[in-house]
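Values in this document were obtained by computation on a predicted structure and should not be read as measured data. Per chain, numbering begins at 1; letters A, B, ... match sequence-line order.
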There are 2 protein chains.
Amino acid sequence: MQSHTSFPIKNINTHLTEIKDYFKVAVSVDCVIFGFDGNVLKVLLIQSDLAQYKNKWSLLGDIVRPDEELDAAAYRVLRERTGLENVYMEQVHTFGALNRHPAGRVITVAYYSLVNIHHVQLRVSDFGLHWHAVKDIKQMAFDHKQILDICVKRLQDRIIEHPVGFNLLPKKFSLRELQNLYEAVLGVKFDRRNFRKKFLSMGLIEDLHEVENDVRHRPAKLYKFNEKAMWKNTRFLNVNSIT
Amino acid sequence: MQSHTSFPIKNINTHLTEIKDYFKVAVSVDCVIFGFDGNVLKVLLIQSDLAQYKNKWSLLGDIVRPDEELDAAAYRVLRERTGLENVYMEQVHTFGALNRHPAGRVITVAYYSLVNIHHVQLRVSDFGLHWHAVKDIKQMAFDHKQILDICVKRLQDRIIEHPVGFNLLPKKFSLRELQNLYEAVLGVKFDRRNFRKKFLSMGLIEDLHEVENDVRHRPAKLYKFNEKAMWKNTRFLNVNSIT
DNA sequence: GCAAAAGTGTTTGTTTTACACCCATGG
DNA sequence: CCATGGGTGTAAAACAAACACTTTTGC
């Protein structure tokens, strides 16, 4: 047991005093927008034009407005940059290091979202906005590399437990595309037969009885995600790491 | 593809303008402090003295100070209420609904922590501070029930994947205590033989070659957590739900 | 007919589950 | 000697892993 002093303790949940004294902080959201081009996991970044981060890449973010919900702010940022709505998005972590932003105390709530990369039409005016292969990103502005790393980790945790990967694929996809996606996100290689067996046996995907065309080899069958299916707990572990 | 307008978009990560206009928000931390009394999972709550939440229970929280890191604020709240330091703590989620707090816009970062309930000496002056069985809590002040629920879910996710439960137990514990803990946190029942086999085979616990005393039955062997051991991915699933 | 990728089953090893009796202690 | 909970093993089922050949298409 440890002892401690006993003067009364202020508590935001019991006393209303002094809140104004602390109104010295800004809250922002930062969006890690993931896309998949068929081979590698990508993230949408913008070139920072702040002096000290000149030529560094940063996440898309903005201050949360006084009358705006956090999730709404994140969706707004996503919409403004990609034109997309109704996209898979998840809050991940909040970063509040004292000097993380040169403008003062800015506490940022990080989100990641999964978009179909082909549905994103980059704005002409956003000339500093580009997709980057996640695994090639070495440094970023602010603490954004740390935010990215944590969001990648969260995505990896999610995708092995929950069918979120479909948000990165077109409506119709082949098993090879699906496997490429899992391999890109997780940085591992799977046995093709076992991978296909697993997904087919889980009933997560539905055969469309269509095939690819314009390929110069045997065309693959196309599938769609079965929204009604349940994810079955499984372990894609003990696989060959390629990282 | 979707089209969207093309006026320039403000971005906290590229432009420094207008940040002051948004300094209209307070940031707080809320701590979900879990303890285990040998049978049920408990959480430390304080009675709110705010008029509209009179007689409702609330989490322990406070405004983050302008020069204070988020984690530091959470540890401060924990220290002020329990006297404990160096406790397992994890940030979980940030809640920012517009009207979640009557004092104005208060965005709160929720943490949960795991403490040894017997190490907590409640302050005499904190007369409204008590341990509550998590499963008996029906409603709380503010959005705290939602925060609690999400923290419980997070703890459940963690405890089956990572050896965090030991933070809730005394240094020396029996396998029955360990099993009670897992059953209380997860709301399930395990087969005793399988549970013991699993933990012993994982090498997570170390036999102290000591036994309980003062029990009126065969005394159980005592174990300690082996910090060096690796958690082996496992599934405690398909168990009998008792919720 | 060749190149390129699609598609497909079986065997083996490991993990999980289900299940019941004897043991040590205090009173 | 009784009550209480502690401690233990085995068999069957489910799952995961390893592995190679045939098929279809475009050129």
Side-chain angles (χ1 to χ4, degrees), chain A residues 38-39 160-161 169-170 172-184 186 188-224 230-242, chain B residues 38-39 160-161 169-170 172-184 186 188-224 230-242:
Chain A
N39 287 294
I160 62 171
E161 292 270 313
L169 291 176
K172 301 175 181 189
F173 53 86
S174 66
L175 278 165
R176 163 53 57 184
E177 288 175 285
L178 185 64
Q179 184 172 345
N180 282 349
L181 170 65
Y182 274 77
E183 292 180 345
L186 296 171
V188 297
K189 283 283 180 198
F190 294 105
D191 176 271
R192 199 161 89 253
R193 277 173 290 192
N194 292 338
F195 183 90
R196 299 160 87 90
K197 217 183 315 176
K198 170 118 277 161
F199 271 87
L200 290 168
S201 76
M202 284 194 293
L204 275 172
I205 58 176
E206 212 169 292
D207 191 341
L208 286 167
H209 304 289
E210 293 177 59
V211 293
E212 294 177 306
N213 43 27
D214 297 325
V215 289
R216 64 183 186 293
H217 54 77
R218 176 174 177 177
K221 293 207 282 185
L222 294 175
Y223 296 83
K224 72 182 178 95
M230 277 287 121
W231 187 258
K232 194 165 134 200
N233 184 274
T234 190
R235 300 181 294 184
F236 285 116
L237 304 175
N238 303 28
V239 288
N240 319 300
S241 176
I242 58 173
Chain B
N39 287 294
I160 61 171
E161 291 270 312
L169 291 176
K172 302 176 181 187
F173 53 86
S174 66
L175 278 166
R176 162 56 56 183
E177 287 176 287
L178 186 63
Q179 184 172 345
N180 282 349
L181 170 65
Y182 273 77
E183 292 180 344
L186 296 172
V188 296
K189 283 284 179 197
F190 295 105
D191 176 272
R192 198 160 92 252
R193 277 173 291 193
N194 293 337
F195 183 90
R196 299 159 88 88
K197 216 184 317 177
K198 172 118 275 162
F199 270 87
L200 290 168
S201 77
M202 284 193 292
L204 275 173
I205 58 176
E206 213 168 292
D207 191 340
L208 287 167
H209 303 289
E210 293 178 60
V211 292
E212 293 177 306
N213 43 27
D214 298 325
V215 288
R216 63 183 186 290
H217 54 75
R218 175 174 176 177
K221 294 207 282 187
L222 294 174
Y223 296 83
K224 72 181 179 98
M230 277 287 121
W231 187 257
K232 195 165 135 199
N233 184 273
T234 188
R235 300 179 295 183
F236 285 117
L237 304 176
N238 304 29
V239 287
N240 319 300
S241 176
I242 57 172

B:L181 and B:F173: CA distance, side-chain angles, deciding distance, side-chain contact (heavy atoms from CB on, under 4.5 Å) verdict: CA-CA 11 Å; B:L181 170 65; B:F173 53 86; over 6 Å; no
Over how many whole Å does the gap from B:M202 atom CE to C:dT16 atom C1' extend? 13 Å
When the side chains of residues 210-221 of chain A are checked against the rest of the protein, which donor-acceptor pairs come out under 3.5 Å, sequence neighbours left out?
residue	atom	partner	partner atom	Å
A:E210	OE1	A:K172	NZ	3.0
A:E210	OE2	A:K172	NZ	3.1
A:E212	OE1	A:A220	N	2.8
A:K221	NZ	A:D207	OD2	3.1

Out of curiosity, B:I205 CD1 to B:L200 CG, how far, rounded to the nearest 0.5 Å? 4.5 Å
Looking at every heavy atom in both B:L175 and B:F195, which two are closest together, and how far apart are they? O-CE2, 4.2 Å
Using whole Å, what does the distance between atom C1' of nucleotide D:dG9 and atom NZ of B:K198 come to? 16 Å
Distance, rounded to the nearest Å, where A:D207 contributes CG and C:dA6 contributes C1': 13 Å
Taken to the nearest whole Å, CZ/B:F199 to P/D:dG7 is 15 Å
Figure out the CZ/P separation between A:F195 and D:dA16, and round it to whole Å. 14 Å
Proximal nucleotide (of C:dG7, C:dA6, D:dG6) relative to the A:K221 side chain: C:dG7
Under 4.0 Å, heavy atoms only, any strand: does A:R196 hit a base, just the sugar-phosphate, or nothing? base
Begin with the C-alpha distance, continue with both residues' side-chain angles, and end with the deciding distance and a verdict on side-chain contact (heavy atoms from CB on, under 4.5 Å) for A:L208 and A:Y223. CA-CA 5 Å; A:L208 286 167; A:Y223 296 83; 5.6 Å; no
Protein-to-nucleotide contact annotation, 5' to 3' order, nucleotides 19-27 of chain C [B base; S sugar-phosphate only; - none; under 4.0 Å, heavy atom]: BB--BBBS-
A:Q179 side chain to A:F190 backbone, donor-acceptor under 3.5 Å: yes
Starting at atom CD1 of B:I160, determine the distance to atom C1' of C:dT16, rounded to an integer number of angstrom. 15 Å
Could you state the CZ-C1' distance from A:R176 to D:dT23, rounded to the nearest angstrom? 16 Å
d(CG, A:L175; P, D:dT24) in whole Å: 17 Å
